[in-house]
Structures are given as C-alpha cells and as structure tokens.
Colleague: 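Here it is: the structure, laid out below.
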Amino acid sequence: MAVVLVAVYHIWFDRVSGGVDVFLLLTGFLITGSLVRALERDGAVGFAAFFGRLVRRLVPAAAVVLAAVLAAAPFLLPGSQLQATADQVLASALYVENWHLALNAVDYTAQNSAAGPLQHFWSLSVQGQAYLLWPALVAAAALAANRLGVGLRRAVPVALAPVFAGSLAYSVHITAADQPWAYFDTGARLWELALGGLLALLPPAPGVPGRVRAVLGWVGLSALVLCGALMDVSALFPGYTALWPTTAAALVVLGGGSERWWGADRLLSWRPLTRLGDLAYALYLWHWPVLVFYLQATGREAAGLLGGCLVLAVSVLLAAATTALVRDGLARLQRGPRGRLSSLGAAAAALLLVAAASSAWSARLTQEREERREQAESVTDEGRYPGAQVLADPRLAETTPRAPVLPAPADAKADQNIDFENGCHVGLDEAEPVVCEYGPDSAEHTVALVGASRSAHWFAALWEAAQANGWRVVTLTKSGCQFSTDPPTLDGEPFAECVEWREGAMAELDRRRPDAVLTSSTRALPSDETVHPGFIERWQQLDAMGIDVVGIRDLPRIDYEGAACVEANGRAGCASPESYSHAETDPARSRSDIPANVELIDLTDYVCPDGRCPAVVGNVLVFWDHSHLTATYSRTLAPILGERVRAATGW
C-alpha cells in the first residue's frame with residue numbers, strides 16, 4: 001500500500017504521499033525484530049550474516065535500475081541534465097543520495113533544476129545509513145542487558161527510546177529552521193525507524209478484541225491514504241507532522257490478526273496485494289525514472305490519466321522482470337559450497353561497477369564541457385558572437401553569421417557569473433558578508449555591486465567595463481536578499497540570515513566608502529514590478545555616507561527556462577513577453593521620493609527588444625535559467641553598461 005501510494009501520488013498528483021515514512025517505520029520494525037531474534041537464537045548479532053543478507057536482497061535490483069538509468073540518460077534526457085544525472089547515479093550507488101539532494105536543496109542555483117531520474121533514491125540512502133547503525137545499537141543494548149541481568153526485550157526499547165526522542169526533537173527543530181535540508185537529513189528521520197523498532201518489541205496483547213483490531217486497521221489505512229491529499233508532505237515533513245503516516249502505519253500493524261472478514265488486514269492479505277508487495281521494492285526503484293523519462297520524451301509537465309496508466313504499467317512490468325532476474329541470478333550463484341559468498345560478491349561488484357561507470361561518465365562530461373569552453377573562447381569574436389551588440393548596432397544583426405549558441409545549453413548552468421563561482425557570492429543559508437575586490441588599489445573610482453543574485457548577474461558586464469575604464473570593483477551579494485530595509489522573508493518565513501547580512505554589508509560599505517553603489521532599483525516578479533520602500537530608505541542611508549547610487553532596473557523574468565527551452569525547442573521557439581514581469585514604464589522613474597544621490601539606468605532594451613525577451617541574441621544564450629543572465633551575455637553588455645555608468649556618475 002505504501003509503495004502504491006508513493007507511485008500514484010507521484011504520477012498523477014505531483015505530490016508526496018507519506019509512503020516513504022512508512023518504509024522507514026517498517027524498516028525499523030523488521031530489522032529490529034530480526035536482530036533481536038538472532039540474538040535470542042544465536043547469542044550474537046552476526047554482523048557478517050546480517051549485512052550479507054541485506055546486500056543480496058537490496059543491492060542487485062538497485063544496481064539494475066542505476067545501470068539502466070546510466071544507459072538511457074544520454075538518449076532520453078537533455079544534455080543540460082546529464083552531469084546532474086551522473087552525479088546522482090554515483091551518490092545513489094554509494095548510498096549518500098540524501099546528502100547530495102540536501103546540499104542541492106540549499107543551493108540557490110539548483111533550486112529550479114529539473115527533477116532527476118534518481119531523486120527517489122534518497123530514502124534508500126537513509127535506510128542504508130541506518131542499517132550501519134542499527135546492528136551496533138542493538139548489540140550494545142544486548143551487551144548492557146547481559147551485564148545488568150536485564151531481559152533483551154526490555155533493554156533494546158530502552159536503547160531505542162532516546163534515539164526516538166532525540167531524533168524527533170531534532171527533526172522538529174531542523175524542520176522549522178531549514179525544512180528543505182531536514183527533508184533529506186538522516187538524523188531527522190531516525191526516529192521513524194526507532195518507532196518501528198519499539199513497535200516490533202511491544203508485548204503481545206491477546207485480550208484486544210478482534211473488532212477493535214479491525215477498526216484500528218481501517219483507521220490507520222484510511223489515515224495513510226489521506227495523508228498526501230490533506231497535507232503538503234514535501235513542504236512540512238519530517239518534523240512532528242510525519243507522525244501522521246507513521247502512526248497510521250503503526251495502527252495498521254496493531255490491527256493485524258483481527259480475524260474479521262471486514263478487517264483491513266484481510267484486504268492487505270489479499271493475494272493480488274501480497275503479490276504486488278513482493279514487487280514493492282523494485283516498483284519503488286522503477287516508477288520514478290520511468291515517469292521522468294516519459295515526461296521528458298513526451299514534453300509534458302504531467303502524465304495525465306492514460307499516460308500515468310502507461311507509466312505505472314511499465315513500472316510494474318519492469319519491477320516484475322527485475323525481481324525475477326535478481327532472484328534467479330542469485331539462485332544460480334548460490335549453488336555450490338561457496339554460493340552465498342559468490343552471490344554477495346556479485347551483488348557488491350555490480351554496485352561498484354555502476355559507481356565506476358558513473359564516475360567515468362562524469363569525467364567525460366567534464367572533459368567535453370571544457371573542450372567546448374576552449375573552442376568557444378577561440379571563436380568568441382564580434383563577428384560571430386556579438387550578443388547584445390546586435391541590439392546596440394542594428395548593422396551587426398545583418399552581418400552576423402548564424403553560429404551555434406554560446407554557451408551551449410548543456411553548459412549554461414556552469415556559465416554563471418564569476419562572482420558565483422569564486423566564493424564571493426553568499427548563499428541562502430549564510431549570513432556573513434563576503435567582500436571581493438577587483439582592479440588596482442590606485443583606481444580613481446570604485447564601484448560596489450550590492451544586492452541579490454539578480455544584481456550579481458551584472459558582475460561580468462561591470463568587471464569588463466571596469467577594466468576598460470580603469471575602475472575598481474567591490475562585490476557584496478547574497479542570494480535571495482534584496483538590498484533593502486524591508487523585513488526579508490524566505491518561503492514565507494522571516495529570513496534572519498538576510499537581516500544579518502544586510503547589517504554587515506552596510507558596515508562594509510561604511511568602512512570602504514566606494515564612490516558609487518550599483519544595485520537593483522526595482523524588483524520584477526511575475527505580473528508585478530515595484531520599488532520597495534526599503535530600497536529608497538537604504539539609498540538615503542548611503543546618501544548620508546556620501547555614497548552615490550546607480551540604480552539599475554531589474555530585468556524581466558521569463559516564462560521559460562532559458563537553456564532547457566533552447567535545448568528542447570531551438571532558439572526560435574523560446575521567447576517571453578516583457579510584460580510577464582515588467583510594468584509598462586520603469587516604476588522608479590515615477591517616484592518623487594528618489595534621493596538626490598541616485599541616478600537610474602535601464603538596460604532592458606538590450607535584453608528584451610521591442611517588448612519581447614528572446615532566448616538567444618547575437619548567437620549568445622541570454623538567460624541560463626528563468627531569471628539570471630549567462631556570464632557570456634552579461635559580458636556583451638559591458639560597453640553599454642560602462643557608458644551608462646559614466647553618464648550617471650560623471651566619471
């Protein structure tokens with residue numbers, strides 16, 4: 001039931017069901033019971049046997065799916081997703097996919113990345129990490145029980161209780177503080193396994209009437225089915241809200257053995273469901289890559305009713321084939337005196353081969369990207385790649401030959417502003433300002449680039465202009481943090497890191513006293529472009545310091561992903577109206593309260609000519625995502641930006 005809910009919610013509703021939390025609870029239930037029974041039977045955990053069984057049961061099917069994704073990705077995914085897929089194959093093979101995704105969850109530049117075909121391996125990574133901890137935990141409890149003369153089934157719950165309480169408390173805290181990270185954090189999920197372990201060791205309750213068990217089972221099953229429909233699991237979990245699906249699953253377990261024809265346990269014991277249960281692990285492995293590949297191949301954003309049925313049917317067939325292949329293959333290997341060792345070695349070798357193949361592929365992708373970069377540098381001249389200059393000089397548009405788009409869409413994400421790459425740009429979860437300086441100390445004029453990422457994407461243009469004019473450049477930028485005095489928020493919550501960063505940035509500006517600050521003068525969002533009151537207050541504070549401000553109008557956002565759209569539809573198939581996020585006129589110019597130290601400039605016409613924002617201008621890709629300039633295009637704006645800054649400052 002849990003895996004069916006996961007697949008159904010993913011395929012048809014683009015939501016998370018809570019089924020993965022059930023997997024984790026059942027993992028704790030099963031391995032705790034297994035380890036305790038092994039201790040009672042043999043007097044020892046038997047680490048080698050325990051891990052050997054796990055590897056033989058889990059690794060071969062995972063290796064098959066990883067190998068299939070590795071083989072299919074170059075043919076079914078766009079080039080811009082191949083590097084991320086190679087990274088995910090390696091992370092999944094090493095059972096660290098949850099940490100890989102956690103790092104991306106707080107990576108501002110990865111937030112709008114397309115879903116990868118292996119994202120669902122995060123839960124398997126959490127389970128794999130828990131498998132390393134659980135035998136040691138139970139063995140330690142057994143050792144303590146032996147020395148204290150306490151029964152094993154009393155000692156193990158005592159060991160699990162602090163894991164449950166500590167992990168749940170941490171989960172509540174980290175979910176409130178940083179939910180995207182918490183979602184993949186093993187420490188925030190261990191309580192679910194501990195709850196399963198405690199459930200496994202509950203003493204029997206023979207006096208509970210069958211009708212009560214039947215009711216418990218239906219209450220739990222109903223709550224589990226409704227969890228994903230009534231709660232936004234992906235935005236709220238884990239934390240205390242994950243008690244919903246785990247408690248629901250516990251009620252289903254407690255409702256077992258009702259001996260009532262109408263009990264939920266009778267439904268779950270129905271032969272078709274138990275046969276599907278035999279395929280549950282492989283079905284979980286297959287459903288997500290099949291869905292991702294289907295959506296990519298069809299160009300759809302959702303599978304739809306018939307498409308979803310096809311995805312589910314193919315996933316079930318692949319799960320059945322994989323299960324049979326693994327079962328039969330291991331059966332053959334286990335024949336003979338060293339069969340178990342042979343099957344274990346084959347399973348481990350399969351995963352190592354996948355990891356090695358993904359590493360080799362990743363290295364090849366990196367080499368190809370470097371070769372394209374070097375080739376592009378050798379041909380980047382105004383004759384073939386004028387970029388914005390074709391809008392400044394219409395004659396160039398007539399004489400510029402058509403050339404491959406630069407940067408190539410597959411490389412666009414790596415073609416971000418240098419300020420992102422060299423550690424100078426501060427991420428979402430950081431609060432300490434980072435100041436980077438470019439140019440000679442003896443420069444006559446210093447300009448500071450300050451603001452959020454959509455201020456930072458002007459860096460390449462500004463630095464090119466600064467070198468041409470002999471200026472010095474200072475950068476102070478942070479993702480998602482406007483250079484304003486308005487209370488900042490992130491995902492609807494107070495953004496404390498932004499408040500701290502702003503205070504530090506102002507202190508740095510007060511100490512350094514640049515001649516001018518270049519920053520965004522408006523903020524453009526879909527159907528809304530405004531001048532925040534906090535912008536003006538911040539400019540007034542700079543005026544009091546004797547610092548001029550060059551306010552540059554925020555560029556329009558586009559209603560497509562730049563690189564992905566060009567890769568899928570070609571350069572002619574991607575354009576967005578300027579009105580998608582821009583007002584008819586610059587709202588800053590209509591304000592009467594702009595301080596005297598502020599001069600406004602607007603380069604929109606050199607990005608979105610005639611009210612239309614194309615993906616490619618002068619053979620250069622304009623936006624790498626939906627809102628940030630590529631560094632290559634930004635550099636082609638340098639002469640225009642330099643001229644406007646000189647006019648604004650009088651330098």
Colleague: With a cut-off of under 6.0 Å to the ring centre and 45° to the axis, is Arg189 in cation-pi contact with Tyr183?
Modeller: yes
Colleague: Shortest non-hydrogen contact from Val531 to Arg591?
Modeller: O-NH1, 3.5 Å
Colleague: Atom NE2 in His532, atom CZ in Arg538: separation rounded to 0.5 Å?
Modeller: 13.5 Å
Colleague: Between the side chains of Glu97 and Ser125, does any donor sit under 3.5 Å from an acceptor?
Modeller: no
Colleague: Looking at OG1 of Thr519 and CZ of Arg454, how far apart are the two atoms once the value is rounded to the nearest 0.5 Å?
Modeller: 12.5 Å
Colleague: Shortest non-hydrogen contact from Phe535 to Phe483?
Modeller: CD1-O, 3.6 Å
Colleague: Of Arg589, Arg553, Arg644, which is the lone residue that meets salt bridge (Lys or Arg N to Asp or Glu O under 4.0 Å) with Asp602?
Modeller: Arg553
Colleague: Taking atom types as modelled, find out whether Glu529 and Thr522 have a side-chain donor-acceptor pair closer than 3.5 angstrom.
Modeller: yes
Colleague: What I want to check is whether the side chains of Arg646 and Asn469 have a donor and an acceptor closer together than 3.5 Å.
Modeller: yes
Colleague: For a quick test of reading the model, state the closest non-hydrogen atom pair linking Leu600 to Val598 and the distance between them.
Modeller: CD2-CG1, 3.9 Å
Colleague: Kindly indicate whether the side chain of Leu542, heavy atoms from C-beta on, has any atom under 4.5 Å from the side chain of Asn597.
Modeller: yes
Colleague: If you round to the nearest 0.5 Å, how far is CH2 of Trp651 from CG of Asp548?
Modeller: 8.0 Å
Colleague: As an exercise, state the distance from OG of Ser520 to CH2 of Trp458, rounded to the nearest 0.5 Å.
Modeller: 9.0 Å
Colleague: Val390 and side chain to side chain contact (heavy atoms under 4.5 Å, CB included): which single residue from Thr400, Val620, Thr399 fits?
Modeller: Thr400
Colleague: Hey, could you give me the CD1/CG distance between Ile547 and Leu509, rounded to the nearest 0.5 Å?
Modeller: 5.5 Å
Colleague: Kindly compute the distance separating OG1 (Thr446) from OH (Tyr438), expressed to the nearest 0.5 Å.
Modeller: 14.0 Å
